[in-house]
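Remarks on the structure that follows.
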Amino acid sequence: EAIAKCFKLEYSGLEKDFFRSDFQVADKAIQYAEEWNDFCASDETILVTKGDVMTINGKRYLVEPLIRHFTKFTSNNGWISEDEGWCGEAMEAFTHYTYHRSGGHLIVCDLQGRYRHNRFKNSKSRFELTDVAVCSRSCAYGPTDLGGKGLTHVLLVNGFPKRVLLQ
């Protein structure tokens, strides 16, 4: 199953840049998720989906896997769900990991999707995430990148010491 997103006709001129930035964000998030998975070596992994552009009847669509039982864990402005228990804490830890791993240049945030529990002996439980955001000091990751101020705000709201962020 998949979900398809398209621009309204009056905004279709924006799709090329939007699709490019969406792929750039997904690639960066996937890179950090794979590093996290190698680093943590636990029974839980993080999987970030990446869409594909398809043309159907002359209309371009961004097609992504459908994630059922969708949950919003965090946002790109500092909000963290208090209803998700350890899953929310794990997603917050992943955001902090990306900050440290990038040398303080960016964070992967706006984490949403679901936690899929391992039902089989030979597979891992996993977070399946989609439509994530990257906030960077260079503001290079599309319309959801709130820049250095957004990055700092997310981390300050979530308990990072100010002295660490200003180094």
Side-chain angles (χ1 to χ4, degrees), residues 1-37 44-84 87-88 90-95 97-99 101-102 105-117 119 123-155 157-158:
E1 289 182 285
I3 186 164
K5 304 173 188 176
C6 68
F7 279 86
K8 292 180 178 181
L9 186 58
E10 61 265 28
Y11 301 110
S12 62
L14 301 172
E15 68 186 14
K16 185 177 178 182
D17 288 337
F18 176 82
F19 293 156
R20 183 176 38 249
S21 71
D22 192 75
F23 294 151
Q24 180 189 24
V25 168
D27 287 340
K28 185 57 70 174
I30 289 167
Q31 172 195 334
Y32 283 111
E34 289 174 351
E35 291 177 12
W36 166 274
N37 294 340
E44 286 89 19
T45 60
I46 295 174
L47 171 72
V48 178
T49 63
K50 180 178 177 181
D52 194 16
V53 176
M54 296 182 74
T55 303
I56 303 170
N57 296 329
K59 183 94 174 130
R60 291 169 46 112
Y61 294 87
L62 179 63
V63 180
E64 299 175 344
L66 176 64
I67 297 177
R68 296 202 181 273
H69 311 293
F70 187 90
T71 298
K72 186 144 179 101
F73 298 108
T74 69
S75 72
N76 63 340
N77 68 5
W79 176 85
I80 294 178
S81 173
E82 295 180 12
D83 299 331
E84 299 309 318
C87 289
M91 295 293 89
E92 182 181 7
F94 176 64
T95 294
Y97 170 83
T98 62
Y99 174 81
R101 191 71 182 96
S102 71
H105 294 286
L106 60 81
I107 57 172
V108 176
C109 55
D110 202 9
L111 304 176
Q112 51 206 331
R114 75 170 175 178
Y115 178 74
R116 187 176 198 158
H117 182 69
R119 298 181 316 184
S123 65
K124 292 184 175 185
S125 298
R126 66 180 182 253
F127 289 94
E128 298 171 345
L129 304 177
T130 188
D131 280 338
V132 301
V134 172
C135 287
S136 66
R137 297 207 185 276
S138 62
C139 203
Y141 290 90
T144 56
D145 185 345
L146 302 179
K149 287 184 179 181
L151 182 152
T152 301
H153 181 74
V154 167
L155 296 173
V157 166
N158 294 296

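We number each residue from 1, following the sequence as shown.
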Checklist entry - Mind checking whether T45 and F127 have side chains closer than 4.5 Å, heavy atoms only? => result no

Checklist entry - Rounded to the nearest 0.5 Å, how far apart are CG of L62 and NZ of K5? => result 5.5 Å

Checklist entry - Quick one: NE2 on H105 to CD1 on I107, what's the gap to the nearest 0.5 Å? => result 14.0 Å

Checklist entry - side chain to side chain contact (heavy atoms under 4.5 Å, CB included) between Y61 and I56: does it pass, once the steps are laid out? => result CA-CA 8 Å; Y61 294 87; I56 303 170; 4.0 Å; yes

Next on the checklist: Could you check whether T130 and E64, counting side-chain N and O atoms only, form a donor-acceptor pair closer than 3.5 Å?
Outcome noted: yes

Checklist entry - In Å and rounded to the nearest 0.5 Å, what is the CG to CG distance from N76 to L151? => result 11.0 Å

Checklist entry - Atom CD1 in I80, atom CD in E92: separation rounded to 0.5 Å? => result 3.5 Å

Checklist entry - Checking side chain to side chain contact (heavy atoms under 4.5 Å, CB included) for the pair T152/R137: CA distance, chi angles, key distance, verdict? => result CA-CA 9 Å; T152 301; R137 297 207 185 276; 3.8 Å; yes

Checklist entry - Thinking salt bridges, do R68 and E1 make one under a 4.0 Å N-O criterion? => result yes

Checklist entry - Which heavy atom of V154 sits nearest a heavy atom of G78, and at what distance? => result CG2-N, 3.4 Å

Checklist entry - Got a sec, which residues hit side chain to side chain contact (heavy atoms under 4.5 Å, CB included) with E35, two or more places apart in sequence or on another chain? => result Q31, Y32, Y97, R101

Checklist entry - Who passes salt bridge (charged side-chain N to carboxylate O under 4.0 Å, His left out) against D110, sequence neighbours left out? => result K72

Checklist outcome for this item: Those residues at least two apart in sequence (or on a different chain) that pass ring pair (Phe, Tyr, Trp, His ring centres under 6.0 Å) with F19 are none

Item to check | Lys NZ or Arg CZ of K50 over F23 ring: under 6.0 Å, within 45° | outcome: yes

Checklist entry - Quick one: does Y11's side chain get under 4.5 Å of F18's, heavy atoms only? => result no

Item to check | Which atom of S21 lies closest to which atom of G142, heavy atoms considered | outcome: CB-CA, 3.9 Å

Next on the checklist: I need the I30 CD1 to L47 CG distance, nearest 0.5 Å.
Outcome noted: 7.5 Å

Checklist entry - Would you say the side-chain atoms of T74 pair up with the backbone N or O of C109, donor to acceptor, closer than 3.5 Å? => result no

Next on the checklist: Could you report the tightest heavy-atom contact between A29 and V108, atom names first, then the distance?
Outcome noted: CB-CG1, 3.9 Å

Next on the checklist: Between T55 (side chain only) and K59 (backbone N and O only), is there a donor and an acceptor less than 3.5 Å apart?
Outcome noted: no

Next on the checklist: Once salt bridge (charged side-chain N to carboxylate O under 4.0 Å, His left out) is applied, do any residues pair with E128, and if so which ones, sequence neighbours excluded?
Outcome noted: R114, R116, R126

Checklist entry - Taking the side chain from S75 and the backbone from N77, do they hold a donor-acceptor pair closer than 3.5 Å? => result yes

Checklist outcome for this item: Between F73 and C87, the two heavy atoms sitting closest are CE2-CB, 3.9 Å

Checklist entry - How would you list, by chain and number, every residue that makes a side-chain hydrogen bond (donor to acceptor under 3.5 Å, both in side chains) with E82, sequence neighbours excluded? => result none

Checklist entry - Is there a side-chain contact between V132 and V25 (heavy atoms, below 4.5 Å)? => result yes

Checklist entry - Can any side-chain N or O of N37 pair as donor or acceptor with the backbone N or O of I46 at less than 3.5 Å? => result yes

Next on the checklist: Within this structure, what is the CG-OH distance for the pair L129 and Y115, rounded to the nearest 0.5 Å?
Outcome noted: 12.5 Å

Item to check | Non-hydrogen side-chain atoms of D22 and D131 separated by less than 4.5 Å | outcome: yes

Checklist outcome for this item: So the side-chain hydrogen bond (donor to acceptor under 3.5 Å, both in side chains) pairs with at least one residue in residues 139-151 (sequence neighbours excluded) are S136-D145

